[in-house]
Amino acid sequence: MIQMVDLKTQYHRIKEEIDQAVLGVIESTQYIGGPKVISFKENLEKYLGVTHVIPCANGTDALQIAMMALGLKPGDEVIVPAFTYVATAEVIGLLGLTPVMTDVDPDTFNIRADHIEAAITPRTKAIVPVHLFGQSVDMEPIMALAKKHNLYVIEDNAQAIGADYNSEGVTSSHTHTKKTGTIGHFGCTSFFPSKNLGCYGDGGALMTNDPALADAARMIANHGQSKQYYHDKIGVNSRLDAIQAAILDVKLKYLDEYCNARRRAADYYDTVFSTIPQLITPTRSAHSTHVFHQYTLQIKTPNPSATRDELKTFLSGQGIPCMIYYPVPLYKQEAFKQYWDGQTLPVTEQLCDSVFSLPMHTEMTEEILKKITGAVRAFFKP
Ligand SMILES: *Cc1c(COP(=O)(O)O)cnc(C)c1O
């Protein structure tokens with residue numbers, strides 16, 4: 001059976017290393033903190049080229065801790081894309097801040113500086129660009145805007161760890177390349193099992209190059225503690241446990257290989273799907289490598305959401321899953337209606353009606369790709 005994500009085959013290829021790492025932690029009885037957490041943190045800092053990685057319990061916590069460390073206060077406005085996973089905006093509401101949702105780029109699905117600029121008010125304090133589906137937001141104009149208006153930038157990098165951002169364009173001979181998640185005041189990521197760097201449970205991390213912000217985030221993640229049993233701030237309890245850190249330390253070595261495997265699968269998909277007139281293949285941004293957390297197509301028919309329902313049923317009949325990320329704009333979610341002024345955002349609406357994502361993981365064989373592309377082709381050209 002074909003799956004959206006095949007974690008089992010991936011595990012079996014590195015089973016010996018993983019088993020040894022996990023058993024090592026169990027044997028050591030250092031289940032919280034300890035050498036494995038430090039080793040992973042340091043290796044991730046090296047990999048990303050960032051001075052501080054602060055591990056925590058999950059990606060949602062990372063976003064929350066970042067906003068707490070920046071001292072955001074109830075009533076402050078935080079700009080987010082309307083087309084994203086709920087976690088990005090949820091923590092904003094949880095902290096009593098006000099999410100302000102903007103439309104996204106129709107090609108890359110990512111938030112854009114011009115939309116952000118139009119949404120800035122005197123209450124705006126921060127921007128959360130989401131590197132959606134595995135490629136970087138065009139960060140340079142957003143960083144310039146943030147500087148001009150004195151705003152914080154928190155990158156939601158849960159879907160794009162390993163991607164490279166280059167303000168000059170990825171094919172430029174200039175190399176101003178930075179890893180996503182290391183550009184804003186904070187970067188936040190998730191190690192949820194199905195993410196590009198996933199553990200075998202929950203995990204997350206913050207990234208920053210600012211030592212004072214790193215200290216603040218570390219303190220908040222650890223009960224607001226400055227030294228043992230002295231608590232300077234209201235914090236949270238958010239830790240990456242040692243077993244997950246040991247697994248991640250093994251898997252980090254394979255992250256680039258994993259990204260390449262995803263790109264190869266995407267290339268195969270692109271070749272077939274670019275010949276189907278009813279489909280739009282994912283655009284590859286000029287400013288970013290794409291690590292394909294998701295392979296997301298758009299349907300271009302008179303009634304895309306009806307076509308999508310039929311396609312989903314057709315594929316499911318052949319044992320092929322497909323998912324809709326995301327079917328509802330954030331502002332139309334019941335929990336977020338309180339922030340909605342009733343205005344719809346055209347690109348977000350159109351994407352919610354027309355996108356669908358096909359299986360994408362590190363273990364896509366030619367046989368799997370042939371079966372999926374064959375079925376999609378058969379649907380559109382019966
Ligand atoms: C997965 C995800 C998160 C949340 O990560 P968790 O570890 O599940 O809390 C946040 N933002 C985006 C865009 C995500 O895809």
Side-chain angles (χ1 to χ4, degrees), residues 4-5 7 40 44 53-68 78-95 97 99 101-102 104-105 108-111 126-137 139 153-163 180-181 183-184 186-207 217 221 236-241 243-245 247-248 251 262 288 290-296 323-330 333 335-336 348 351-352 355 357 360-361:
M4 286 300 289
V5 178
L7 294 175
F40 170 61
L44 187 58
V53 163
I54 301 111
C56 67
N58 57 69
T60 310
D61 273 9
L63 290 160
Q64 181 181 336
I65 293 163
M67 289 176 204
M68 291 171 78
V78 181
I79 297 174
V80 290
F83 188 62
T84 181
Y85 181 56
V86 68
T88 314
E90 187 175 29
V91 295
I92 299 171
L94 188 70
L95 294 173
L97 316 171
M101 297 161 198
T102 75
V104 294
D105 184 84
T108 64
F109 314 148
N110 275 334
I111 198 167
I127 307 163
V128 187
V130 181
H131 304 302
L132 201 71
F133 300 153
Q135 66 184 341
S136 182
V137 167
M139 289 299 291
V153 176
I154 303 163
E155 299 172 71
D156 184 340
N157 197 32
Q159 300 189 0
I161 196 159
T180 53
I183 303 158
F186 274 117
C188 297
T189 202
S190 163
F191 305 122
F192 187 81
S194 63
K195 300 280 156 102
N196 286 28
L197 177 61
C199 57
Y200 295 172
D202 273 310
L206 297 95
M207 282 78 72
V236 296
N237 170 21
S238 190
R239 298 184 280 240
L240 178 71
D241 72 66
I243 288 179
Q244 301 309 334
I247 291 165
L248 288 165
K251 288 185 71 179
R262 287 170 178 274
S288 176
H290 202 321
V291 296
F292 286 99
H293 176 59
Q294 298 297 344
Y295 184 87
T296 304
M323 294 291 283
I324 292 143
Y325 305 117
Y326 299 93
V328 182
L330 262 187
Q333 295 284 359
F336 289 89
T348 297
L351 293 176
C352 288
V355 290
S357 301
M360 173 52 77
H361 52 77

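FYI, the numbering just counts along the sequence from 1. Ligands are counted one by one from 1 in listed order, and the atoms in each one are counted from 1 as well.
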Engineer: List below, pair by pair, the N or O atoms of ligand 1 and of the protein that are less than 3.5 Å apart, including the distance to 0.1 Å; reply 'none' if no pair qualifies.
Structural biologist:
{"residue": "ligand 1", "atom": "5 (O)", "partner": "Ser190", "partner atom": "OG", "Å": "3.3"}
{"residue": "ligand 1", "atom": "7 (O)", "partner": "Gly59", "partner atom": "N", "Å": "2.8"}
{"residue": "ligand 1", "atom": "7 (O)", "partner": "Ser190", "partner atom": "OG", "Å": "2.6"}
{"residue": "ligand 1", "atom": "9 (O)", "partner": "Asn58", "partner atom": "OD1", "Å": "3.4"}
{"residue": "ligand 1", "atom": "9 (O)", "partner": "Gly59", "partner atom": "N", "Å": "3.3"}
{"residue": "ligand 1", "atom": "9 (O)", "partner": "Thr60", "partner atom": "N", "Å": "2.8"}
{"residue": "ligand 1", "atom": "9 (O)", "partner": "Thr60", "partner atom": "OG1", "Å": "2.5"}
{"residue": "ligand 1", "atom": "11 (N)", "partner": "Asp156", "partner atom": "OD1", "Å": "3.3"}
{"residue": "ligand 1", "atom": "11 (N)", "partner": "Asp156", "partner atom": "OD2", "Å": "2.8"}
{"residue": "ligand 1", "atom": "15 (O)", "partner": "Gln159", "partner atom": "NE2", "Å": "2.8"}
{"residue": "ligand 1", "atom": "15 (O)", "partner": "Lys195", "partner atom": "NZ", "Å": "3.0"}

Engineer: Kindly write out the residues that satisfy side chain to side chain donor-acceptor pair (under 3.5 Å) with Gln159, not counting sequence neighbours, or none if the list is empty.
Structural biologist: Tyr326
Engineer: Run the ring-centre check on Phe133 versus Phe292 and record whether the distance is less than 6.0 Å.
Structural biologist: no
Engineer: Mark yes when over 12 heavy atoms from residues, nucleotides or ligands other than Tyr85 sit less than 6.0 Å from its OH; otherwise mark no.
Structural biologist: no
Engineer: I'd like to check the side chain to side chain donor-acceptor pair (under 3.5 Å) partners of Asn110; sequence neighbours left out, ordered by chain and number.
Structural biologist: none
Engineer: Under the salt bridge (Lys or Arg N to Asp or Glu O under 4.0 Å) rule, collect the residues that match up with Asp202, sequence neighbours excluded.
Structural biologist: none
Engineer: Of the non-hydrogen atoms in Thr189 and Ala62, which two are nearest, and what is the gap between them?
Structural biologist: O-CB, 4.2 Å
